[in-house]
Each structure stands twice: as C-alpha cells, then as structure tokens.
Amino acid sequence: MLTLQTLREQTDLVLEGLKKRNFKDAETLVQQIIENDKLRRETQTTLDTLKAKSNADSKKIGELMKAGKADEASSLRAAIALDKDKVKSLEESLTEFERKQQEILYKIPNVPAAIVPAGKSAEDNITVHEYGQVPTLHTDALPHWELIKKYDIIDFELGIKIAGAGFPVYKGKGARLQRALINFFLNEAGQAGYKEIQPPIVVNEASGYGTGQLPDKEGQMYFVNEDGLYLIPTAEVPITNLYRDVILTEDELPVKNVGYTPCFRREAGSWGAHVRGLNRLHQFDKVEIVQISRPEDSYRILDEMSLHVQSLLEKLELPYRKLLLCGGDMGFNSAITYDMEVFSAAQQRWLEVSSVSNFETFQANRLKLRYKNKDGKMQLLHTLNGSALALPRIVAALLENNQTKEGIKIPKVLVPYTGFEMID
RNA sequence: GGAGAGAUGCCAGAGUGGUUGAAUGGGACGGUCUCGAAAACCGUUAUCCGCCUCAGGCGGAUCCAGGGUUCGAAUCCCUGUCUCUCCGCCA
C-alpha cells in the first residue's frame, strides 16, 4: 500500500498517476484518506494530552506511596478527576480512524512510474523490444494440446481423474522436460548471483497481506480452511515474506533470491477457448526471482532482472517480445511491469511467460521491510520480482515451435538437462 | 490425537502492581590503550504515532494479540494465537 506520507505530501502526483490506471475511485478515496488522516491526528493529540495528565497523576501517587505518605496518596487519588470514559471513547475513535485508514489504503493501487503509459487494456501496452524470427511451420503443424497427445507426454484426462481440470499429469519425456527446465532456470539464476530458496508452498494470512494478494485477490487462492493456510499463487509470496518485519543493513543489499515452486491459482471464471491446453492451469511450475534493494537502485535492478529473463528466452531460442504494460493492464501492486511474451507458432499467438515488476515501496510498506540508510534514517526498501520463468507456456511454445516431421527438437542448451535431443 | 511448559530488547536471560523502555550477560558499533591486534576499560545499541519555537525539544504507544481489574499492569484475571517438550501416529 501507499504510504500516508506520499498521499499527504504528493497528493497531486498520486492522482495524476492513478489516472493512468484508469482507476475511477482515486479522487474519492484519496480525499477520504486525507480527511480521515486529519481527524486521526487531531484525536491522537487530544488523547495524548489526556493520557499525559493521568500518567503524571499516577506517578505522583506512586511517589507518595513510596515515601510512606499513604494519606496524601489516597486523598490525591480521590481528587483526580477521572477521565477514563473520555480516554476510552477517544481510544475507540482512534482505533476506528486507523481501521478506516487501513481499509482505504488497501483499496488504492500503486502509482505507476513516470514512464508507464496511460491505457485501459492490453491494447495500450508498448512493445519495447523484439527478438528472434517468428517461425513458419509446415501446414500440418499441430497446436501443443495435440502434440502432447501424439507423443503422450502430458495427460489432461488423467489429471481430471485424480484432481480436476487444469491439473495435468506430465509423463515420460514430458515430466523429464519439466525437471530439465526447472533445473536450467535455477542454475542460470544461481550463476547470476541469486540465492536458491525452497519455501513452503502454503502461507498464512499475514503473508497474503504482506505481498498484497490479500485482500485484493482473496478468491484467486486455494484456501485450506481447517488450517487457515493459502496455497501460494507464486513463490513471490513466501520468498518476499521472508523479509516481513525485517530491518536490513545496507551491506545486505541487494537481496537476490530465487525459488522454484508449484503455483496454484483458482482462476475462477476465466476459462474459455483461448485458455486451452497449457495456456492456463490451476497448478503450474515456476521459477521466480526476487530482489530487495535500496530505492535508488531499484530501476537499474529492474533492467538487470528483465535482461536475465530475456537471456533465458534467447538461450531457449524462443522468439519473444518485451512489453511495457500500460497503467490499466498492470497489477494492483506494481509501479512498473514488463511482460515477456513468446510466440506460439501453431496457435499464432503471443503467450505471456514472464512478468517483471518493481513494486517500489508498495509491498515494503505492508511488509514493514526497511533498512537504515547512511544517515541512520529508517527507510522503506524496494521489492522486485519476476518469473524466470513460468513453465507451461514455455513448454507450449517449445513444443509448437520446434515440431518437425521426426519429432520435437529440444533446444541445445536443455539437452544436458533432459538427456535427450528429441521427443518422438 | 493425548499431556505439559512457555511467549520480555539483536541474542541469552532477570523482573515483589508504582520514576521499568525494562536488571545482568553476550554480540554489534564507536572510543581509549597498542607499531598493529588481542585483552582491559569507557560509551552507544529500539520502533511506531502525534505536537512544537523542527539538524532540536516535548508527549503518547509498544514486554505475542485482544479484552478486563486498578489512580497505576511486563507483573493479576479472561479469551485467542503461536512455539517448545514428552507420549502416540508417521514420510
């Protein structure tokens, strides 16, 4: 969430920014928060004054008691005007102002960075980079949902039998390919200086709030009611939450972590023809990179991270494009997001395989993730993350783009990991 | 699942209801000493909120969380959460 300070001191910039998101309630909410904040502070001041007085009185009684002047103490006790009701009601309204503040803050999305274009939907995203030749396939080329049947490597029917739709079973070379990709991605990240983390794949409610999935995306996560745990929709949640309520020192920065986890998404109400096959799943594998940095470094690091993702795609010999998302297409928490899309030849579509974002202080504020800067001042850090990479659509693109009459060719870089060169 | 113990500062660990934001030890940082280091000694070692005459000052809050008793709660009472130990079960 945004900091009160930002909302108070840079109101116009916030409103300007939120306009780029096409966020309609901006004016109302910002006005509410500022009004509420004013009342909150007034209440706080009144309450503090009142408490200061009663603290002083109590202290006096204590001193008298200690000095053995019990009579004076009890007469003072009698003389003290009891403002308890007043304190109580002030405390209640303070709590209410704080609750309201929190409630409103949760509703305001992050302010897009200066270079983020305004826009309503994916139509308004800007292609900032393109790589590789879009392959032309022979006329009887198949989409991946046919290929996986032909070579018997991924089985949706079996998944339905044991779990449900959107939970595929990977078999034989299909399973092996998954493992190869995961290892390849982890190794590449390791070489780029990321520390490997294997986190739990369930998280508690506090973690959901920490990275901003809650309360915004409540319905998107699988929830284990009995234990109050959420299945993670991305490794971002556990890995970033490792740093909830943490104060780092400058020499620990930047933090660079990478983790592989399965990811679970309910994807309620988002099914249709365009999400066939591997395009959208309830459970999928992803390697995620996460960085935590000083504010002044985060944009350099954003570039570093997206270049890392790009290098993976290039090594996999996949044609891709890099998009700068417009305000309206960006996630709630993000200040700036680059999407990487690979071209899926048989579907003739671009598929999103990675999203690299800088959240600036938006998550850190919820997480209370800070560091002490050179001047000894507490400062919120910046958090960033990116998929490096999400597997299913990479697999879809690899299968479709590399299909030949003899079988599906495995990119050279993966062969040491798969142990085979061809799926046939 | 059954039984018990506990939750205090960066860590360990005290704490009779009254100047306790909190003893003591350790660590870390700064200093003295030293050619340098170790040792020793001295000092520093929270965070959030509010107000003001805003490089500073003052006040409030915080000893798991939320209630309660009291002039006054880390300390007493209730509720919740979490952790640990033992037994059972088990990869």
Side-chain angles (χ1 to χ4, degrees), chain A residues 1-9 33-105 198-210 214 223-230 238 241-253 255 262 361 363-381:
Chain A
M1 60 192 176
L2 296 174
T3 63
L4 262 181
Q5 202 191 4
T6 309
L7 284 159
R8 225 187 276 161
E9 292 171 10
I33 199 97
I34 286 173
E35 178 65 15
N36 187 74
D37 178 50
K38 195 176 152 232
L39 294 171
R40 192 199 101 237
R41 280 147 69 198
E42 284 169 11
T43 309
Q44 176 99 54
T45 307
T46 318
L47 177 62
D48 285 357
T49 314
L50 211 55
K51 278 190 169 174
K53 186 181 173 297
S54 66
N55 283 350
D57 288 342
S58 294
K59 204 179 211 174
K60 220 174 289 170
I61 292 176
E63 278 161 6
L64 289 171
M65 298 284 282
K66 219 170 196 182
K69 299 174 184 167
D71 309 352
E72 283 184 48
S74 56
S75 60
L76 177 59
R77 191 180 309 159
I80 290 173
L82 287 183
D83 284 327
K84 286 183 121 182
D85 291 346
K86 220 169 174 181
V87 167
K88 195 165 185 187
S89 88
L90 280 169
E91 270 174 344
E92 274 164 14
S93 58
L94 185 63
T95 307
E96 176 56 22
F97 286 129
E98 282 166 350
R99 192 201 57 76
K100 184 93 188 284
Q101 170 179 306
Q102 192 76 337
E103 181 191 302
I104 301 169
L105 283 176
Q198 202 176 89
I201 60 171
V202 292
V203 292
N204 55 26
E205 190 182 39
S207 299
Y209 276 96
L214 294 174
F223 182 57
V224 185
N225 192 41
E226 207 170 356
D227 302 291
L229 295 170
Y230 293 87
N241 269 284
L242 298 176
Y243 298 88
R244 174 154 43 85
D245 289 316
V246 165
I247 298 169
L248 293 166
T249 55
E250 190 150 12
D251 59 307
E252 291 174 291
L253 298 168
V255 171
T361 60
Q363 286 184 328
N365 188 32
R366 284 196 190 184
L367 291 162
K368 297 199 183 68
L369 167 54
R370 295 162 295 170
Y371 84 113
K372 224 171 218 167
N373 69 15
K374 283 192 200 75
D375 308 326
K377 229 184 114 188
M378 278 295 171
Q379 241 183 314
L380 289 171
L381 288 159

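Within every chain, numbering begins at 1; the chains are lettered A, B, ... in the order of the sequence lines, protein sequences first and strands thereafter.
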Asks: Is it true that A/Thr95 and A/Glu98 share a donor-acceptor pair across their side chains at a distance under 3.5 Å?
Replies: no
Asks: Pick the P atom in B/rG21 and in B/rC58, then give their distance to the nearest Å.
Replies: 16 Å
Asks: If you check every side-chain atom of A/Arg41, which of B/rU19, B/rC48, B/rC51 has the closest atom?
Replies: B/rC51
Asks: Nucleotides 61-67 of chain B: which of its N/O atoms have a protein N/O under 3.5 Å away?
Replies:
from, atom 1, to, atom 2, distance (Å)
B/rA61, OP2, A/Asn55, ND2, 3.4

Asks: Checking base pairs now: Watson-Crick or wobble, both atom distances under 3.5 Å. What partners B/rA38?
Replies: none
Asks: Quick one: CG on A/Leu369 to CG on A/Leu381, what's the gap to the nearest 0.5 Å?
Replies: 4.5 Å
Asks: Within this structure, what is the CG-to-C1' distance between A/Leu39 and B/rG50, rounded to whole angstrom?
Replies: 14 Å
Asks: For B/rU75 and B/rU20, measure between their C1' atoms and round to the nearest Å.
Replies: 11 Å
Asks: Any sub-3.5 Å donor-acceptor pair from A/Asn36's side-chain atoms to A/Phe97's backbone N or O?
Replies: yes
Asks: Using Watson-Crick or G-U wobble geometry with both distances below 3.5 Å, tell me the partner of B/rC71, or none.
Replies: B/rG18
Asks: Identify whether the distance between the nearest side-chain nitrogen and carboxylate oxygen of A/Glu91 and A/Lys51 falls below 4.0 Å.
Replies: yes
Asks: Hey, is CG on A/Asp85 packed in by over 12 heavy atoms from elsewhere, all under 6.0 Å?
Replies: no
Asks: For B/rA12 versus B/rU85, give the span between their P atoms, rounded off to a whole number of Å.
Replies: 15 Å
Asks: Suppose we define a pair by two distances each less than 3.5 Å, Watson-Crick or G-U wobble; what does B/rC33 pair with here?
Replies: none
Asks: Between the base of B/rG59 and the side chain of A/Asp48, is there any donor-acceptor pair under 3.5 Å?
Replies: yes
Asks: RNA chain B: A/Asp227 or A/Glu42, which has the more 5' nearest nucleotide?
Replies: A/Glu42
Asks: Less than 4.5 Å apart, any side-chain heavy atom of A/Leu253 and any of A/Tyr371?
Replies: yes
Asks: Salt bridge check, A/Lys100 against A/Glu96: does any charged N sit closer than 4.0 Å to a carboxylate O?
Replies: no
Asks: In whole Å, I'd like the distance from the CG atom of A/Leu64 to the P atom of B/rU19.
Replies: 14 Å
Asks: Distance check needed: B/rU47 C1' versus A/Asn373 CG, whole Å only.
Replies: 16 Å
Asks: For A/Arg40 and B/rC49, is the shortest distance between a side-chain N/O and OP1 or OP2 below 4.0 Å?
Replies: no
Asks: Consider the side chain of A/Met378, meaning its heavy atoms from C-beta on, and name the nucleotide among B/rG50, B/rG60, B/rU47 that approaches it most closely.
Replies: B/rU47
Asks: A/Arg244 versus A/Arg366: any side-chain heavy-atom pair under 4.5 Å?
Replies: no
Asks: Taking atom CG of A/Leu64 and atom CG of A/Asp71, what is their separation to the nearest 0.5 Å?
Replies: 10.0 Å
Asks: When the C1' atoms of B/rG80 and B/rC90 are compared, how many Å lie between them, rounded to an integer?
Replies: 30 Å
Asks: Main chain of A/Val246, side chain of A/Arg370: is a donor-acceptor contact present, judged purely on distance under 3.5 Å?
Replies: no
Asks: P atom, B/rG15 versus B/rG72: distance in rounded Å?
Replies: 26 Å
Asks: Any non-hydrogen side-chain atom of A/Leu76 less than 4.5 Å from a side-chain atom of A/Asp57?
Replies: no
Asks: Can you tell me how far P in B/rG17 sits from the matching atom in B/rG50, rounded to whole Å?
Replies: 36 Å
Asks: Taking the same atom, C1', in B/rG26 and in B/rU79, what whole-Å distance lies between them?
Replies: 37 Å
Asks: To the nearest Å, give me how far apart CZ (A/Arg8) and C1' (B/rG50) are.
Replies: 10 Å
Asks: Could you state the CG-C1' distance from A/Leu4 to B/rG50, rounded to the nearest angstrom?
Replies: 13 Å
Asks: The side chain of A/Lys372 lies closest to which of these nucleotides: B/rU47, B/rG60, B/rU19?
Replies: B/rU47
Asks: Which is more 5' along RNA chain B, the nucleotide nearest A/Lys53 or the one nearest A/Arg370? Just name the residue.
Replies: A/Arg370
Asks: Using both distances under 3.5 Å as the test, list the Watson-Crick or G-U wobble partner of B/rC48, or none.
Replies: B/rG60
Asks: Measure CG/A/Leu94 against C1'/B/rG60 and give the value in whole Å, please.
Replies: 10 Å
Asks: Could you tell me the separation between the CD atom of A/Glu63 and the C1' atom of B/rC71, rounded to a whole number of Å?
Replies: 13 Å
Asks: For the side chain of A/Ile61, starting at C-beta, report the closest nucleotide among B/rG59, B/rG50, B/rC71.
Replies: B/rC71
Asks: Could I get a table of every N or O pair under 3.5 Å where one atom is in the protein and the other is in nucleotides 89-91 of chain B?
Replies:
none

Asks: Kindly point out which of B/rG50, B/rG72, B/rU19 is positioned nearest to the side chain of A/Lys84?
Replies: B/rG72
Asks: So what's B/rU83 paired with, Watson-Crick or G-U wobble, going by both distances under 3.5 Å?
Replies: B/rA5
Asks: Would one find a side-chain N or O of A/Arg77 under 4.0 angstrom from OP1 or OP2 of B/rG72?
Replies: no
Asks: Would you measure the distance from the C1' atom in B/rC54 across to the matching atom in B/rU62 and give it in whole Å?
Replies: 24 Å
Asks: Taking A/Thr6's backbone N and O only, do any of them form a donor-acceptor pair with A/Thr3's side chain (distance below 3.5 Å, no angle check)?
Replies: yes
